[in-house]
Amino acid sequence: MTPAELSDAVQIAVSAAVQAGELDAEVPREVHLERTRTREHGDYATNIAMQLAKPARKPPREVAEIIAGHLRRASGIEKVAVAGPGFLNITLDSGAAGRLAYQIVVAGTAYGRSETLRKQRINLEFVSANPTGPVHLGHTRWAAVGDSLRRILEAAGADVASEYYINDAGVQMEKFANSLLAAARGLPAPQDGYGGQYIADIAAKILEAAPHLADAPDADALPEFRERGHRLMLAEITGSLEKFGVHYDVWFSERSLHASGRVDEAIATLRTQGHVYDLDGAIWLRTTDFGDDKDRVMVKADGEKTYFAADAAYYLDKRSRGFDTCIYMLGADHHGYIGRLRALASCAGDDPDISVMVLIGQLVKLLQGGEELKMSKRAGTIVTLEDMVDLVGVDAARYTLARSSTDSQLVIDVEEITKQAPENPVYYVQYVAARTFRVAANARDLGIEWSPPESFHPELLTDDREARLLAALGDFPRVVASAAELREPHRIARYMEELAGVYHRFYDGCRILPRGEEEVSDLHRSRLWLNDATRTVISNGLAMLGVSAPERM
RNA sequence: GCGCCUGUAGCUCAGUUGGAUAGAGCGGCACUCUUCUAAAGUGCAUGCCGCAGGUUCGAUUCCUGCCAGGCGCACCA
């Protein structure tokens with residue numbers, strides 16, 4: 001029995017009570033069920049009686065007793081107890097509870113997937129680091145969280161396109177080109193330019209590919225350095241992200257917006273919507289009409305288009321491609337963008353509550369010897385995605401970055417990364433994958449046959465640890481759905497850590513395979529089903545985080 | 001000054017429509033392997049859930065104020 005089925009059963013019990021005239025209240029559309037902390041409180045608890053107490057004008061415990069009376073008649077329920085201020089503690093019949101394992105195994109990779117976000121077309125933009133330097137640790141957090149979110153949204157049935165916006169127009173590229181040129185000439189990095197070893201490396205690569213640039217006049221060499229440097233840097237970024245398991249559906253160039261005239265078009269479109277005006281020689285968008293702090297310049301007095309103008313064109317482009325919702329994942333240093341992006345959507349005639357969602361993530365703070373290490377491309381003291389992967393590997397890196405809420409700053413001690421690697425919770429979770437695999441492999445070696453459905457006897461799974469495991473496994477679809485709706489991948493990770501603990505305790509207390517001369521029993525076979533179900537959930541969950549489910553560790 | 005985020009165990013952090021004795025991992029102490037992987041399990045210790053009010057039968061959760069930390073407030077990108 002799944003939580004959803006139980007939730008329906010409770011609802012039916014409530015309406016039965018209402019129909020019998022015992023309860024004068026509206027039947028709630030949803031029944032909130034939660035897994036209990038201890039088995040003394042049964043498998044699931046609901047606070048429905050306390051919620052209905054007020055409208056029904058009866059004490060909560062009395063309401064609880066009434067509902068319990070009806071709920072006890074439902075099939076698959078062994079016990080209903082009224083506890084505390086009016087909780088209904090429900091214990092499932094072990095046969096009904098155990099059938100969940102069968103459903104999970106049959107569903108396989110589909111278990112946890114849903115239609116919650118069906119038909120929603122979502123554009124998910126993340127990382128979008130300037131192609132003027134490597135992907136640093138701050139971006140890496142977005143790579144891990146963003147890519148996981150893409151997988152989770154898809155699991156919830158949304159139609160998602162992940163996208164990387166390449167800021168390849170503007171002065172940053174010129175600074176980058178100047179820095180490369182300086183490095184190629186053996187000069188120090190220009191004021192306001194980029195330093196760091198990667199600049200010298202790229203400059204050397206360019207000279208290797210195009211030796212004639214060594215003697216070319218600066219004016220001729222500069223564009224070459226810019227274009228070649230851009231290509232090399234972007235290739236490096238793409239490569240790092242690919243190795244990190246991050247896939248993008250679209251790599252979108254800012255330049256292409258300017259080149260195709262879409263920036264001008266966007267300004268014209270917004271002008272016809274009536275939100276554009278001219279002042280002091282500049283062209284403005286009146287974002288203050290929609291709650292922004294101040295109006296935003298789209299074209300400066302010198303005729304240059306601002307970054308925001310390109311943003312506007314990019315937004316309109318996304319909408320024209322049919323996306324209902326555009327998710328922007330930005331660092332905390334960009335939180336001032338929320339207002340203008342939402343206002344931009346309003347100016348374009350959209351409802352920003354639907355079409356724009358800005359996820360602000362706090363920055364990753366690096367400590368080295370108790371001192372904060374600033375991440376700056378200019379200073380050249382960057383810890384990059386590649387650095388972190390080299391230290392701990394893709395799995396641990398992705399998991400570590402994705403397991404915390406993006407609302408909280410992440411403090412990572414550079415020196416502790418390596419040292420703590422074996423203690424990373426990712427191994428605690430992955431160990432479940434390895435254990436479940438080994439158990440099944442050993443069972444096959446012993447010649448145990450458990451795959452036919454008739455070898456599964458859910459009613460034998462009566463141990464508390466089996467009940468806890470079943471309840472935990474049953475939670476997975478709800479966790480995935482809420483992670484998708486709230487755009488919070490860390491919920492998957494936290495759930496899996498909990499599931500891992502529950503499984504380890506089951507493994508420790510409930511012998512799955514026969515010992516020595518012991519005969520193979522139905523209980524062994526049934527526990528193998530539970531083992532398989534756990535492996536299914538753990539691998540599905542790890543896949544959503546882009547982390548492998550190893551067969552051995 | 002204004003705005004956003006955060007403040008929970010020694011450390012890193014969970015805790016969504018308010019609920020039962022506030023949790024996990026790591027770290028500390030003490031235990032458990034001749035039998036499925038001990039990267040595990042069991043027990044113990046450590047908490048004015050930043051502070052003060054308010055709403056409520058009930059607040060870590062909601063509201064207000066204050067304190068502390070981070071990050072922003074360009075005709076930069």
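Here is how names work: the chains are called A, B, and so on, in the same order as the sequence lines, proteins then strands, and each is numbered from 1.
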Hey, is the side chain of D407(A) pairing donor to acceptor with the base of A14(B) inside 3.5 Å? no

Going by atom types alone, do Y427(A) and D395(A) pair a side-chain donor with an acceptor below 3.5 Å? no

Which of C36(B), A14(B), G23(B) is nearest the side chain of R37(A)? It is G23(B)

As a test of reading the structure: which of C75(B), A20(B), U35(B) is closest to the side chain of D280(A), going by heavy atoms? C75(B)

Per atom distances to the H504(A) side chain, the nearest of G25(B), A39(B), A40(B) is A40(B)

What is the distance, rounded to the nearest whole Å, between atom CZ of R438(A) and atom C1' of A40(B)? 16 Å

Out of N130(A), V171(A), I199(A), which one pairs with F176(A) under the side-chain contact (heavy atoms from CB on, under 4.5 Å) rule? I199(A)

Assigned partner base of C13(B), Watson-Crick or wobble definition, under 3.5 Å: G23(B)

Value in whole Å for how far the P atom of C13(B) lies from CG of L401(A): 12 Å

Once you round it to whole Å, what is the distance between P of C75(B) and CZ of R296(A)? 8 Å

Would Y399(A) and E497(A) count as having a side-chain donor-acceptor pair, cut-off 3.5 Å? yes

N424(A)-T400(A) side chain donor-acceptor pair, cut-off 3.5 Å: yes

Considering just the side-chain nitrogens and oxygens of T406(A), establish if one lies under 4.0 Å of OP1 or OP2 belonging to U6(B). no

Looking only at atom P, what distance separates G50(B) and U60(B), rounded to whole Å? 10 Å

State, without any angle test, whether Y277(A) and D295(A) hold a side-chain donor-acceptor pair at a distance under 3.5 Å. yes

For C76(B) versus C71(B), give the span between their P atoms, rounded off to a whole number of Å. 24 Å

Which nucleotide, in any strand shown, forms a Watson-Crick or G-U wobble pair with C36(B), with both distances under 3.5 Å? none

Identify whether any heavy atom of N442(A) sits under 4.0 Å from a base atom; if not, whether one sits that close to sugar-phosphate; answer base, sugar-phosphate or nothing. sugar-phosphate

Per R491(A) side chain, nearest of listed nucleotides U16(B), C75(B), C73(B): U16(B)

Name the pairing partner of C29(B), where a pair is Watson-Crick or G-U wobble with both distances under 3.5 Å, or state none. G43(B)

What is the nucleic acid contact for M50(A), judged by heavy atoms within less than 4.0 Å: base, sugar-phosphate only, or nothing? base

Measuring only the P atom in each nucleotide, how far is C2(B) from C26(B)? A whole number of Å is fine. 44 Å

Identify whether any heavy atom of R435(A) sits under 4.0 Å from a base atom; if not, whether one sits that close to sugar-phosphate; answer base, sugar-phosphate or nothing. sugar-phosphate

At under 4.0 Å between heavy atoms, what does D292(A) touch on the DNA or RNA strands: base, sugar-phosphate, or nothing? nothing

Just compare G15(B), C36(B), C13(B) and give me whichever is closest to any side-chain atom of R494(A). C13(B)

Salt bridge check: are R527(A) and E466(A) linked by an N-O gap of less than 4.0 Å? yes

Are H504(A) and Y428(A) close enough that their ring centres sit under 6.0 Å apart? yes

Which whole number of Å gives the distance between the C1' atom of G18(B) and that of G28(B)? 35 Å

Nearest-nucleotide pick for S482(A), side chain only, options being G3(B), U16(B), U21(B): U16(B)

Is a donor-acceptor contact shorter than 3.5 angstrom present between the side chain of H334(A) and the base of G72(B)? no

A20(B) and A59(B): how far apart are their C1' atoms, nearest whole angstrom? 14 Å

Have a look at E551(A) and say if it touches a base, only the backbone sugar-phosphate, or nothing, with a 4.0 Å heavy-atom cut-off. base

The Watson-Crick or G-U wobble partner of C62(B), with both key distances under 3.5 Å, is G54(B)

Measure CG/N89(A) against P/U21(B) and give the value in whole Å, please. 13 Å

Test applied, side-chain contact (heavy atoms from CB on, under 4.5 Å); reference residue, L88(A); option that passes from V63(A), I48(A), V31(A): I48(A)

Taking the same atom, P, in A38(B) and in U21(B), what whole-Å distance lies between them? 36 Å

Under 4.0 angstrom, heavy atoms only, what part of the nucleic acid is T38(A) near: base, sugar-phosphate, or nothing? nothing

Provide the distance between the two P atoms, one in C75(B) and one in A68(B), to the nearest whole Å. 31 Å

When you check the phosphate oxygens OP1 and OP2 of A38(B), does a side-chain N or O of Y507(A) lie under 4.0 Å from one of them? yes

Taking for L410(A) and for E34(A) the nucleotide of RNA chain B with the nearest heavy atom, the one nearer the 5' end belongs to L410(A)

By nearest nucleotide on RNA chain B, pick out whichever of Y307(A) and A45(A) is the more 5' one. A45(A)

Can you tell me how far P of G72(B) sits from CD of Q409(A), to the nearest Å? 11 Å

Nearest whole Å is fine: how far is U34(B) C1' from E517(A) CD? 15 Å

Among U42(B), A20(B), A39(B), which nucleotide sits nearest the side chain of R505(A)? U42(B)

Between C75(B), A14(B), C71(B), which nucleotide gets closest to the side-chain atoms of S404(A)? A14(B)

Tell me which nucleotide among U16(B), G41(B), C36(B) gets nearest to the side chain of D508(A). G41(B)

Below 4.0 angstrom from OP1 or OP2 of G23(B), is there any side-chain N or O of Y495(A)? no

What distance separates R525(A) CZ from S451(A) OG, expressed to the nearest 0.5 Å? 11.0 Å

With a non-hydrogen cut-off below 4.0 angstrom, is R511(A) in contact with a base, only sugar-phosphate, or nothing? base

Taking atom P in both C57(B) and A52(B), what distance in whole Å separates the two? 23 Å

Between CG of L499(A) and P of A40(B) the distance, given in whole Å, is 15 Å

Which nucleotide sits closest to the side chain of H490(A): U16(B), A40(B), A14(B)? A14(B)

Watson-Crick or G-U wobble mate for G7(B), both contacts under 3.5 Å: C67(B)

With both distances under 3.5 angstrom, what nucleotide forms a Watson-Crick or G-U wobble pair with G72(B)? C2(B)

For the residue pair D302(A) and E304(A), what are the closest heavy atoms and their distance? OD1-N, 2.8 Å

Base, sugar-phosphate, or nothing for I512(A), non-hydrogen atoms under 4.0 angstrom? base

Does the side chain of K175(A) get closer than 4.0 angstrom to OP1 or OP2 of C76(B) through an N or O atom? no

In whole angstroms, the gap separating C1' of C13(B) from CD of E497(A) amounts to 9 Å

